Amino acid sequence: YNNNFLSCLTYAPCTNVTLTKVEVPPIYSRLEKPPAEFVYACNEEKVDVHDVVEKTCVEYCEPAMCCYNQNPTENCFRDDPLGCMAWDQECQVIFELQEDQP
């Protein structure tokens, strides 16, 4: 579900397509909306943005760490998949690096 959310959300069996109902919790039902300035902290181009941001990318992305927690009881993706995807847009590099560590 978390690894391929969009495919899972849009999947419908070939038969009875009209009976398929997928409910998704409202965006930011568990996570807060990402602050606007965090896109600068997580800028892949590493443009000098020290005047714009107060924290590092890791610090900004900390609230969304639960989206990638391997422990199912602590993972929040099912509670707020759209919120997790909004954070993932900028934080994905950090989360992928953490997943690769033993």
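Remember, predicted model here, so these are calculated numbers, not experimental data. The residues of the chain are indexed from 1 along the displayed sequence.
Between R30 and D79 there is a salt bridge, since at least one side-chain N of the basic residue sits less than 4.0 Å from a carboxylate O of the acidic one.
Put simply, NZ on K55 and CD on E37 are 8.0 Å apart, with the number rounded to the nearest 0.5 Å. Between the CZ atom in F38 and the CD atom in Q89 there is a gap of 8.5 Å [rounded to 0.5 Å].
A donor-acceptor pair is defined here as one N or O able to donate and one able to accept, closer than 3.5 Å; such a pair exists between the side chain of W87 and the backbone of E32. A distance-only check finds a donor-acceptor pair linking the side chain of D80 to the backbone of S29 [under 3.5 Å]. Side chain of E59 to backbone of T56: a donor-acceptor contact under 3.5 angstrom is found.
Side-chain contact between L31 and C66 is present, with at least one heavy-atom pair separated by less than 4.5 Å. Between C91 and Y68, the closest side-chain pair of non-hydrogen atoms is not below 4.5 Å. Contact of the E54 side chain with the Y60 side chain is registered, since non-hydrogen atoms from C-beta on lie closer than 4.5 Å. At a threshold of 4.5 Å between non-hydrogen side-chain atoms, the residues Y28 and P34 count as touching. With contacts defined as side-chain heavy-atom distances shorter than 4.5 Å, the pair M65/I94 qualifies.
Between C67 and C84, the gamma sulfurs sit within a distance below 2.5 angstrom. The SG atoms of C42 and C61 are placed at least 2.5 angstrom from each other.
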